[in-house]
Structure formats: C-alpha cells, structure tokens
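First comes the structure, then the notes that go with it.
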Protein chains: 2
Amino acid sequence: MAKKEPASVSMLVLALLKGREMYGYQIIEELDKRSEHVFQMKEGTLYPVLHGLEKERLVTAREAVTEKGRTRRYYTITEKGLRVLDEKEKEWRTFSTAVTAILAGA
Amino acid sequence: MAKKEPASVSMLVLALLKGREMYGYQIIEELDKRSEHVFQMKEGTLYPVLHGLEKERLVTAREAVTEKGRTRRYYTITEKGLRVLDEKEKEWRTFSTAVTAILAGA
DNA sequence: TTGACATACATAGAGCATCTAGGTATAATG
DNA sequence: CATTATACCTAGATGCTCTATGTATGTCAA
C-alpha cells in the first residue's frame, strides 16, 4: 500500500514520553496499564526501538541511579520527536479512518 | 506485543468480499475508492494474499471470461472466511481502541 | 540462606507481512 | 502503432516485531 501503516511501537513510545520522561521498564508497564493489557511489549522489542529513537534524535537519554542502587536510563522526547509524533498521529488517524470505512462496507 | 496487530491486508480483502464476489484487479480499485486513496495496494501484495486465503479455504475462486475475452478470477468468501473476518474485526477494534487511549494520554 | 521472582538493562537471529521489481498477455485509445 | 489500461503472476528484498538469551541486582518467603 502506498500509505503504509505508521510504525506503531515507536509512535506509542513517543506518545508516552510526551507526558514526561520515562525509563524503559516503566514504558512497558505503562503501556500495559494504559492499554488495559492489550499492549504487553517485550523487552526485546522495546530496547532496540529506544536505541533507534535515540539515534534519530527523537529522544535523549540520561542515566540515573536510584537509592536502591538500580541503574535506569531515562528518556525524554525532543522537539524533533514531538514533530515526528505529530506526523505519525495524523497518519494513524488517516489509516484508522480508512480501515473503519472498509469494515463498515462503505 | 502479546496481542499483535491483525494482518490488515487479508482483513480488508475479506471485508470487501463480504458484500459480493470480486476479482483481484477489482479489489485493488475498490480499496482505493472506498478508502479515498489511502489504500493503494500493489498487485505484488494482493495476489499472494489471495492465494494464501484460498489455500486456507477462507475464499473460493472461479475463473470467468468476459465478452471481451478477458480472463478473471472471481473470489467468494466462505463460511470459514466470515468467521475469521469477524475475529479479525474484533481484534482490530481492540487494537484501535488501545492505540487511541495511548495517544489521548489516558 | 537459598531459591524464586521482580527489576532493569541488553543483543542476536528468526519470522512474517508487505513492498519492489520484474514478467506475460490482451484490449482500448489517440 | 505506440502507449496506457486491464488482468494475472512470482522471486527476492526489506523492515518491524518477536523469541530466546544473557547479565546483574533487589526482595521476599520458606
């Protein structure tokens, strides 16, 4: 298809980061919670996506250590990331609307 | 993700065939029209999908020749195909709802 | 105190849906 | 008569996501 489906995982991650900075493991939990268990992302899916987003400068990362001694990588969405998210959201709406029209038997 | 995205192309094709039998080329045109040019499927995408659906007995095919002499393969959705379509539609709604919730910043 | 489970990061390789690019053949159109 | 539209087809590449692992530490129950 000409207008391909927007890459869902990266869009969802960027959408979560729009609200506040988050670390990987937390993103997985939040996605599960906010989607009411529809999105149970695996670490093997998320971490490569986060590294990709960082490489494209859609997010930045900082390392932090909790009082307990755990190391976490916190991700923040960039200006560029916000623009890309906006674009992906538009594509999603277009795609979703089209699917709905077909299913409805327009 | 645990609940993966429903295979969109086959779902859309089955949805179109729900109304009436159609041949390949026609499916491409109808998808384009009904989606308002969002889905511009390529033949290289559609034909293998149709063959797969036929193999799984979700559709049946018959060959027909027009007065003009053109050969067409008309596809009809089967009972099994209707059940699978129903299932895919449900999955789509679940998926779509979840994405919307995340984008809304639930 | 040890075994199990949760937290938190990571990578390599497989799987699968779709796309790109090519092919065949006939009808219509300018 | 050459180009475009119709109508079918396949092989191979691409790219996203998953499976399967691996490392390391913290917590909690038996």
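Within every chain, numbering begins at 1; the chains are lettered A, B, ... in the order of the sequence lines, protein sequences first and strands thereafter.
With rounding to whole Å, A:Q40 atom CD is found 15 Å from D:dT17 atom C1'. Nucleotide C:dA25 holds its P atom 23 Å from the NZ atom of B:K68, rounded to whole Å. To the nearest angstrom, P of D:dG22 lies 18 Å from NZ of A:K42. The CD1 atom of B:I27 sits 15 Å away from the C1' atom of D:dC9 (whole-angstrom rounding). For A:I28 and C:dC9, the CD1 to C1' distance is 10 Å, given to the nearest whole Å. Separating the CE atom of B:M41 from the P atom of D:dC8 is a distance of 13 Å, rounded to the nearest angstrom. In this entry the distance linking CG of A:L12 with P of D:dT17 reads 9 Å, nearest Å. Distance CG (B:L53) to P (C:dA17): 11 Å, rounded to an integer number of Å.
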Between the protein and nucleotides 5-8 of chain C, are there any N/O to N/O pairs under 3.5 Å, and if so, what are the atom names and distances?
{"unit_1": "C:dT7", "atom_1": "OP2", "unit_2": "A:Y25", "atom_2": "OH", "d": "3.3"}
{"unit_1": "C:dT7", "atom_1": "O2", "unit_2": "A:R70", "atom_2": "NH1", "d": "2.9"}
{"unit_1": "C:dT7", "atom_1": "O2", "unit_2": "A:R70", "atom_2": "NH2", "d": "3.3"}
{"unit_1": "C:dA8", "atom_1": "OP1", "unit_2": "A:R72", "atom_2": "NE", "d": "2.9"}
{"unit_1": "C:dA8", "atom_1": "OP1", "unit_2": "A:R72", "atom_2": "NH2", "d": "2.5"}
{"unit_1": "C:dA8", "atom_1": "OP2", "unit_2": "A:Y23", "atom_2": "OH", "d": "3.0"}

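Within the 4.0 Å cut-off from OP1 or OP2 of C:dT11, at least one side-chain nitrogen or oxygen of A:H51 is found. Checking the phosphate oxygens (OP1, OP2) of C:dT18, a side-chain nitrogen or oxygen of B:S8 falls inside 4.0 Å.
Rounding to the nearest 0.5 angstrom, the gap separating the CG atom in B:L46 from the CG atom in B:L31 is 8.0 Å.
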Requested in this report: Take B:E87 and B:R83 through the salt bridge (Lys or Arg N to Asp or Glu O under 4.0 Å) test and state the conclusion after the steps.
Outcome: CA-CA 6 Å; B:E87 189 54 39; B:R83 286 198 301 275; over 6 Å; no

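Checked against side-chain hydrogen bond (donor to acceptor under 3.5 Å, both in side chains), B:K33 has no partners two or more places apart in sequence or in another chain. A search for side-chain contact (heavy atoms from CB on, under 4.5 Å) contacts involving B:D32 returns B:H37, B:Q40, not counting sequence neighbours. Judged as a side-chain contact (heavy atoms from CB on, under 4.5 Å), and not counting sequence neighbours, the contacts of B:V99 are A:M11, A:L12, A:F39, A:W92, B:F95, B:L103. With sequence neighbours excluded, the residues satisfying ring pair (Phe, Tyr, Trp, His ring centres under 6.0 Å) with A:Y23 are A:Y74.
Within the structure, the side chain to side chain donor-acceptor pair (under 3.5 Å) test picks out the following pairs touching residues 47-58 of chain A (sequence neighbours left out): A:E54-A:R73.
Mapped onto DNA chain D by nearest heavy atom, A:P48 and A:G69 fall at different nucleotides, with A:P48 at the one closer to the 5' end.
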